[in-house]
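Just follow the structure's listing: the first ligand is 1, and inside any ligand the first atom is 1. Keep in mind that what you see is a predicted model, and the values were worked out from it rather than measured. Just the heavy atoms: all of them, side chains too, but no hydrogens, waters or symmetry mates, feed the values below.
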Amino acid sequence: MVRAKSWILKKHFEGFPKSSDFELKEVELPKIKDGEVLLQTVFLSVDPYMRPYSRRYMKEGDIMIGGVVAKVVESKNPTYPVGAFVVSNAGWTTHFISSGKGLQLMLREWPEKLPRSLALGTIGMPGLTAYFGLLEVCRMKPGETVLVTAAAGAVGSVVGQIAKIKGSKVVGCAGSDEKVAYLKQLGFDETFNYKTIGSLEEALKKASPDGYDCYFDNVGGEFSSVVLNQMKKYGRIAVCGAISLYNDTVEQKGNYVQIPMIFQELCMEGFIVSRWDNRREEGLKALLKWVEEGKIKCPEHVTEGFGNMPAAFMGLLKGENTGKAIIKV
Ligand SMILES: NC(=O)C1=CN([C@@H]2O[C@H](COP(=O)(O)OP(=O)(O)OC[C@H]3O[C@@H](n4cnc5c(N)ncnc54)[C@H](OP(=O)(O)O)[C@@H]3O)[C@@H](O)[C@H]2O)C=CC1
Ligand SMILES: CCCCC/C=C\CC(=O)/C=C/C=C/C=C/[C@@H](O)CCCC(=O)O
């Protein structure tokens with residue numbers, strides 16, 4: 001018999017999440033039936049979407065949502081033999097039983113030397129977000145100037161590197177001098193620490209005096225209102241995330257977007273990565289190839305121990321991570 005540990009949403013978050021909003025539970029899993037597999041989680045992901053999604057899609061008492069990499073440890077389903085690795089949306093849990101529905105076998109061509117945790121980051125959902133957001137939503141063209149926020153994070157670091165591969169000038173901002181230095185190592189052309197600049201408008205102008213063709217927006221809020229006025233004619237804005245708003249208890253009243261959008265003839269489009277589920281394999285293969293060629297580096301911020309999941313999640317929202325926030329069981 002296997003005992004599964006899971007982190008439960010004990011209480012809906014009010015403002016910034018607290019340790020007391022989570023509860024660790026343990027249950028004994030039943031024996032698997034025909035067609036089922038028993039999986040052991042190896043890596044888990046904490047992502048910003050868990051904060052807004054918990055309110056919208058979860059009820060108190062549910063297992064916290066999230067992606068995992070897991071290993072098949074018992075199988076009565078020939079598609080998922082013992083020893084196979086899968087990516088699944090199983091949530092914050094150490095073991096689970098599946099009928100196979102929702103399990104994604106890891107790419108057959110996954111190289112032995114690459115950590116499987118990358119399937120939750122650069123060669124997974126965040127990497128796909130960067131790939132489709134930049135190429136399909138921003139429709140970035142060579143020679144253009146791209147601005148990306150939360151640039152040292154899971155999505156932003158990949159956006160910047162793909163933009164360089166595709167021949168853009170890339171401006172990235174992040175919340176510490178260490179992160180900004182890391183962006184330079186990743187090949188970003190211009191960088192700044194948004195927490196220490198005097199004027200955002202001036203920092204944006206200094207980094208690109210002619211303005212921006214593409215804005216890959218991971219943060220939203222006041223920051224993005226300022227960026228809107230720095231866009232070039234026919235600029236494109238991919239509204240990917242709004243992390244600066246996720247913990248708000250009172251809805252912010254921002255600037256209205258219409259005037260700059262009309263004068264600069266901008267295109268602003270929100271998106272969710274699952275729109276391209278039918279092109280998942282294409283995206284993953286492109287990302288894997290760039291990683292293998294050394295054209296994309298994959299920073300990771302690894303927290304050891306399943307017990308530290310709430311701390312890792314709260315740390316992510318505070319900006320403690322450089323690269324993808326991962327939990328190693
Ligand atoms: N639309 C979609 O399908 C998807 C959207 N997303 C969105 O992309 C964004 C980035 O996600 P992901 O790469 O996984 O996370 P990151 O790895 O970038 O981690 C989050 C980062 O956000 C930054 N941050 C936190 N609070 C603020 C704030 N108030 N203002 C500005 N930055 C802040 C921190 O970096 P710093 O130190 O620089 O402040 C932190 O490290 C999120 O908004 C997320 O919701 C992600 C996946 C899919
Ligand atoms: C102020 C409200 C803002 C709402 C926007 C919220 C979130 C944007 C965002 O971050 C969306 C992320 C979507 C992620 C989807 C993930 C799943 O497909 C499961 C991923 C499992 C995996 O493959 O790793």
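Screening Leu228, Leu204, Val146 for a side chain to side chain contact (heavy atoms under 4.5 Å, CB included) involving Tyr212 leaves a single residue, Leu204.
For Val155, heavy-atom contacts with ligand 1 shorter than 4.0 Å involve the backbone as well as the side chain. Within the 4.0 Å heavy-atom criterion, neither part of Leu245 lies near ligand 2.
Geometrically, ligand 1 and Met125 share no nitrogen or oxygen pair separated by less than 3.5 Å. Geometrically, ligand 1 and Lys179 share a nitrogen or oxygen pair separated by less than 3.5 Å. For ligand 1, the polar-atom distance check finds no N/O of Thr129 at less than 3.5 Å from any of the ligand's N/O atoms. In terms of N/O distances under 3.5 Å, ligand 1 is approached by Cys240. Residue contacts with ligand 1: Ala154 is placed with a nitrogen or oxygen under 3.5 Å of a nitrogen or oxygen of the ligand (distance criterion only). Some N or O of Tyr246 is nearer than 3.5 Å to an N or O of ligand 1, by distance alone. Close N/O approach between Val273 and ligand 1 is found [any backbone or side-chain N/O within under 3.5 Å]. Annotation: Gly175 places an N or O atom under 3.5 Å from an N or O atom of ligand 1; distance criterion only. At least one N or O atom of Asn321, backbone or side chain, sits closer than 3.5 Å to an N or O atom of ligand 1. On a distance-only criterion, Lys195 and ligand 1 share no N/O pair closer than 3.5 Å.
Under a hydrophobic-cluster definition in which Ile, Leu, Val, Met, Phe, Trp and Tyr are linked whenever side-chain heavy atoms come within less than 4.5 Å, directly or via other members, Val227 and Leu245 are assigned to different clusters.
Between Glu202 and Lys205, no side-chain nitrogen of the basic residue sits less than 4.0 Å from a carboxylate oxygen of the acidic one, so the salt-bridge criterion is not met. Remark: Arg3 engages Glu26 in a salt bridge, criterion side-chain N to carboxylate O under 4.0 Å. Salt-bridge annotation for Asp21 and Lys10: absent, with no side-chain N of the basic residue lying under 4.0 Å from a carboxylate O of the acidic one. Between Arg275 and Glu136, none of the side-chain N atoms (NZ, or NE/NH1/NH2) sits under 4.0 Å from a carboxylate O, so this pair counts as no salt bridge. The pair Lys164-Asp189 meets the salt-bridge criterion, since a charged nitrogen lies less than 4.0 angstrom from a carboxylate oxygen. The residues Glu109 and Lys285 are annotated as salt-bridged, a charged nitrogen and a carboxylate oxygen being separated by less than 4.0 angstrom. Between Asp62 and Lys59, at least one side-chain N (NZ, or NE/NH1/NH2) sits under 4.0 Å from a carboxylate O, which counts as a salt bridge. Electrostatic pairing of Asp47 and Lys324 counts as a salt bridge here, judged by a charged N lying under 4.0 Å from a carboxylate O. Using a cut-off of 4.0 Å between Lys/Arg side-chain N and Asp/Glu carboxylate O, Glu282 and Arg279 are scored as salt-bridged. Ion pair Glu201/Lys206 not flagged as a salt bridge, since none of the NZ, NE, NH1 or NH2 atoms sits closer than 4.0 Å to an Asp/Glu carboxylate oxygen. One finds no salt bridge joining Lys184 and Glu190 here, because no Lys/Arg side-chain nitrogen approaches an Asp/Glu carboxylate oxygen to under 4.0 Å.
At the top of the distance list for atom 18 (O) of ligand 1, counting protein heavy atoms only, stands Gly153 CA, 3.2 Å. Distance from atom 22 (C) of ligand 2 to its nearest protein heavy atom, with residue and atom name: Met125 CB, 4.0 Å. Closest to atom 34 (C) of ligand 1 among all protein heavy atoms lies Gly319 CA, 3.6 Å. The protein heavy atom nearest to atom 13 (C) of ligand 2 is Tyr53 OH, 3.6 Å. What sits closest to atom 7 (C) of ligand 2 on the protein, heavy atoms only, is Tyr246 OH, 3.6 Å. The closest protein non-hydrogen atom to atom 14 (O) of ligand 1 is Pro48 CD, 3.3 Å. The protein atom (non-hydrogen) at minimum distance from atom 4 (C) of ligand 2 is Pro52 CB, 4.2 Å. Given atom 9 (C) of ligand 2, the protein heavy atom at minimum distance is Tyr49 CB, 3.6 Å.
Residue-ligand proximity, Ala174 to ligand 1, at heavy-atom distances under 4.0 Å covers atoms 38 (O). Of all the atoms in ligand 1, the ones that sit under 4.0 Å from a non-hydrogen atom of Val219 are 31 (C), 32 (N). Every atom of ligand 1 is numbered from 1 in the order shown, and the set under 4.0 Å from a heavy atom of Gly241 is 7 (C), 43 (O). Heavy-atom contacts of Asn89 reach the following atoms of ligand 2: 19 (C), 21 (C) (cutoff under 4.0 Å).
Aromatic ring centres of Phe85 and Trp110: separated by at least 6.0 Å. For an aromatic pair to be called close, the ring centres must be under 6.0 Å apart, and Phe313 with Trp92 satisfies this. A distance of 6.0 Å or more separates the ring centres of Tyr57 and Tyr49.
Within a 4.0 Å radius of atom 18 (O) of ligand 2, the protein has no heavy atom.
The option with the heavy atom closest to atom 31 (C) of ligand 1, from among Tyr194, Tyr49, Phe223, Phe271, is Tyr194. For atom 19 (O) of ligand 1, the candidate residues are Thr149, Leu316, Val46; the nearest heavy-atom contact is made by Leu316. Considering Val155, Val87, Val239 only, the shortest heavy-atom separation from atom 23 (O) of ligand 2 involves Val87. Looking at Asn218, Ile272, Asp217, Val159 and measuring to atom 43 (O) of ligand 1, the nearest heavy atom belongs to Asn218. Comparing heavy-atom distances from atom 28 (C) of ligand 1 across Gly133, Ser244, Gly270, Ser45 singles out Ser244 as nearest.
Within the 4.0 Å heavy-atom cutoff, Ala242 counts among the residues contacting ligand 1.
A donor-acceptor pair shorter than 3.5 Å can be found between the side chains of Asp217 and Ser224. Side-chain polar atoms of Ser117 and Glu300 form a donor-acceptor pair below 3.5 angstrom.
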